[in-house]
Amino acid sequence: MYTNPQLWELTLDQWPAAVWELLESAANGFDEPFRTPAVASTGPDGPDIRTVILREVHSPQRRALFYTDARSPKVEQMASHNAVTWMFYDPARRLQVRARGTASLHGDDLLAKRCWEDCSEANRRNYGGLQVPGSALEELSKEVSMGAPDGRENFLVVATAFSRLDVLLLGDQSNRRAGLAWDGSIWTAGWLSP
Ligand SMILES: Cc1cc2nc3c(=O)[nH]c(=O)nc-3n(C[C@H](O)[C@H](O)[C@H](O)COP(=O)(O)O)c2cc1C
């Protein structure tokens, strides 16, 4: 997998495949910083952002998935405004990728069903809490923070189809930035001023 010097060798037309390779590797591994991106959405009071776990990447569909609780505020935000931006940063590679796209919400379809079946029991517990995520608590209790393993109805898969990628690579002497855009059939790419 790429190191920072190897990334500097990439030509413009090699960048789209390289980004998708890095995302796929992060989704399939546990140690990669790209596995915990920040996802920004538009809330009623302006931008909102949070860390998520990158669960799957489907490069042919330009798509990345994370799981969430259907009751969490981000879901209503994305239902109202489906434009989202993901931000990945890898300090070892000194690489930032910002990925813009449209989010689709999957609670009760084949994708959600398959993802739920893939979830470990420990992960399923994240969706079984009785309290709505973000609601005020009277007191802390173990039952609130760790729900029952039957939270299927609260389990939601958020899939984002990316159409713009902004890549920033930091170096000792200079920095390099590329803008990649999906034109409907291929990724086009151009260098940008960092
Ligand atoms: C390392 C890490 C991974 C996280 N992964 C997820 C995740 O995959 N899905 C999720 O909904 N929240 C995840 N969270 C919690 C969110 O960052 C956020 O606090 C929570 O989802 C509430 O967000 P909201 O109020 O914007 O809906 C994670 C937090 C951390 C620190």
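Along the sequence shown, residues carry numbers from 1. Note that ligands are numbered from 1 as they come in the structure, with each ligand's atoms numbered from 1 the same way.
- Residues passing the side chain to side chain contact (heavy atoms under 4.5 Å, CB included) test with H58, sequence neighbours excluded: E56, Q61, R63, L65, R114.
- Between F88 and F34, the ring planes are tilted. Angles from 30° to 60° get that label.
- Counting protein heavy atoms under 4.0 angstrom from atom 19 (O) of ligand 1 gives zero.
- Of all the atoms in ligand 1, the ones that sit under 4.0 Å from a non-hydrogen atom of V52 are 4 (C), 5 (N), 6 (C), 7 (C), 8 (O).
- Taking only non-hydrogen atoms, the option from T36, T51, D48 nearest to atom 12 (N) of ligand 1 is T51.
- Scanning the protein for heavy atoms near atom 9 (N) of ligand 1, the closest one is Y67 O, 2.7 Å.
- The aromatic rings of W86 and F66 lie perpendicular to each other, with more than 60° between the two planes, well past the 30° mark.
- Backbone and side-chain nitrogen or oxygen atoms of I53 are examined, and one is located within less than 3.5 angstrom of a nitrogen or oxygen of ligand 1.
- Every residue two or more places apart in sequence or in another chain that forms a side chain to side chain donor-acceptor pair (under 3.5 Å) with S135 is listed here: Q131.
- Closest heavy-atom approach to atom 27 (O) of ligand 1 within the set R55, R35, K74, R50: this belongs to K74.
- In this structure the side chain of L165 reaches within 4.5 angstrom of the side chain of W187, judged on heavy atoms.
- Looking only at protein heavy atoms, the nearest one to atom 11 (O) of ligand 1 is T68 OG1, 2.6 Å.
- Heavy-atom separations between P73 and ligand 1 include at least one value shorter than 4.0 Å.
- Close approach of ligand 1 to S72 (heavy-atom distance below 4.0 Å) involves ligand atoms 27 (O).
- Just one of L169, L170, L22 meets the side chain to side chain contact (heavy atoms under 4.5 Å, CB included) condition when paired with R93; it is L22.
- R50 and D48 are joined by a salt bridge, as a carboxylate oxygen and a charged side-chain nitrogen come within less than 4.0 angstrom of each other.
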